[in-house]
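What follows is a set of notes on a single structure, which appears directly below.
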Amino acid sequence: MSEQPTRVDIALATYNGARYLPEQLASFAQQTYPHIRIYVSDDGSSDDTLGVIAAAQNQLDISIAPLDPQRDIVRNFENALRCTEAPYIALSDQDDVWDPLKISLLQKCVAGLEVRYGKSVPALAFCDLAIVGEKLDVINSSYFRSSIKSGQAAFFRDFVINNHVPGCAMLMNRALLDLALPFPKVDIHDHWLIQVASLFGHIGHVDMPLVQYRQHGSNSIGLAHVGERRAAKALRFLTSLPSELAMRQRTWAMQAASIYNSMAQLRARFGNRLRPDDLEIIDAILDRADASRINHLLRSAKHGDRWLDYRGVLRALAAS
């Protein structure tokens with residue numbers, strides 16, 4: 001008699017997702033990994049989201065988290081994650097579609113990290129994504145090859161300025177989740193999770209687009225100008241230079257405030273448990289070090305930002 005595979009729990013956060021949710025749930029049912037359970041946290045949907053979920057319970061192992069509307073995407077995911085019990089956990093948006101191999105390949109990658117480093121060490125794996133439109137028409141077949149985000153990002157310095165990985169592409173082990181929860185007051189949960197993984201554990205990458213990452217008008221988090229050619233981006237920038245620069249300066253200030261908050265939360269949560277090199281980066285930002293100092297500490301990082309935006313954020317960090 002063969003041993004049953006270790007279960008993987010999926011934390012699914014929903015809010016008025018009835019339009020696209022059936023396709024995502026159908027992709028769960030098509031996973032080749034044979035032992036999954038879905039925990040849904042709904043943030044007070046007024047459409048038929050809960051009805052769609054109830055109908056899917058005939059085909060999927062779905063549990064509903066306590067109905068406690070959070071009015072916040074971070075707290076909604078935390079509500080789902082707190083219910084999970086399995087050794088491996090994946091995050092899911094309500095409007096994507098997963099490749100049948102997604103759970104199998106990511107779980108195998110995380111399990112491989114555990115064999116190498118131990119199950120008590122945080123581990124996270126992520127995959128590439130295909131960027132698709134509202135009707136699943138392919139905009140770009142590779143999230144990483146169509147952007148300056150890096151599938152090779154693996155160290156804390158890579159995730160200081162920006163995140164490279166949407167939460168829907170992640171699968172983690174219980175050791176990471178136990179360390180990362182509860183979420184502090186951060187802007188987005190996936191950035192916190194991968195920062196904690198990079199500080200205390202190991203990160204793996206499956207170089208395959210295992211998520212159809214749907215872009216539409218109602219995305220909580222999406223991609224601006226995705227798939228746009230470089231020439232078109234340059235032309236758009238030059239023809240709207242004054243307003244574009246003003247908008248970017250506001251974005252840099254907001255990003256700098258978010259980075260500062262993340263560093264403060266990491267410092268408060270983990271203190272001197274942090275490695276000296278990582279702690280030096282965090283303290284430089286919290287001490288409002290000048291841009292050249294922060295740039296020196298991040299000199300080998302994969303930032304995920306264009307040069308102009310990276311320099312703008314560094315200046316905003318020093319000035320804030």
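All values reported here derive from a predicted model rather than from experimental measurement.
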Query raised in the report: Is atom CZ of Phe155 surrounded by more than 12 heavy atoms (other residues, nucleotides or ligands) closer than 6.0 Å?
Result: no

Query raised in the report: Just wondering, are more than 12 heavy atoms of other shown residues or ligands nearer than 6.0 Å to CZ in Arg288?
Result: yes

Looking only at the aromatic ring of each residue, does the gap between the centers of [Y] and [X] stay below 6.0 angstrom?
X	Y	value
Phe144	Phe126	yes
Phe159	His164	yes
Phe183	Phe77	no

Query raised in the report: Roughly how far, to the nearest 0.5 Å, is CG of Leu21 from CG of Asn16?
Result: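 If I round to the nearest 0.5 Å, the distance is 11.5 Å.
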
Measure the shortest side-chain to side-chain distance between [X] and [Y] over non-hydrogen atoms and say whether it is less than 4.5 angstrom.
X	Y	value
Leu12	Ile62	no
Pro166	Leu129	yes
Val196	Pro122	no
Ile89	Leu176	no
Gln59	Leu25	no
Gln215	Val132	no
Leu279	Asn272	yes
Arg306	Tyr310	no

Requested in this report: Could you give me the CA-CA distance, side-chain angles and deciding distance for Asn79 and Ser41, then say whether side chain to side chain donor-acceptor pair (under 3.5 Å) is met?
Outcome: CA-CA 6 Å; Asn79 195 38; Ser41 177; 2.9 Å; yes

Query raised in the report: In terms of side-chain heavy atoms, does Arg37 have a donor or acceptor partner in Ser63 at a distance below 3.5 Å?
Result: no

Requested in this report: Compute whether any side-chain donor of one residue and acceptor of the other, for Asp99 and Gln212, lie under 3.5 angstrom apart.
Outcome: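 Asp99 vs Gln212: no donor-acceptor pair found between side chains.
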
Report task. Check the pair Thr49, Val40 against side chain to side chain contact (heavy atoms under 4.5 Å, CB included), reporting the backbone distance first and the verdict last. Result -> CA-CA 11 Å; Thr49 293; Val40 180; over 6 Å; no

Side-chain donor/acceptor of [X] to backbone N/O of [Y], under 3.5 Å:
X	Y	answer
Asp43	Asn76	no
Asp128	Tyr143	yes
Ser45	Asp47	no
Asp290	Ser292	yes
Asp158	Ala154	yes
Arg248	Leu245	no

So, are [X] and [Y] salt-bridged, with charged N and O less than 4.0 Å apart?
X	Y	value
Glu85	Arg174	no
Glu280	Arg275	no
Asp278	Arg273	no

Requested in this report: Test Ser104 against Thr32 for side chain to side chain donor-acceptor pair (under 3.5 Å), laying out the working first.
Outcome: CA-CA 7 Å; Ser104 293; Thr32 60; 2.8 Å; yes

**Report entry** Passing candidate, side chain to side chain donor-acceptor pair (under 3.5 Å) with Tyr88, options His35, Arg7, Glu114
**Finding:**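 Only one option passes, and that is Glu114.
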
Query raised in the report: side chain to side chain donor-acceptor pair (under 3.5 Å) with Asp95: which of Arg19, His216, Gln24?
Result: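 Looking at Arg19, His216, Gln24, the match for Asp95 under the side chain to side chain donor-acceptor pair (under 3.5 Å) is His216.
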
Report summary line: Closest non-hydrogen contact found for His303 with Leu298 is CE1-O, 3.4 Å

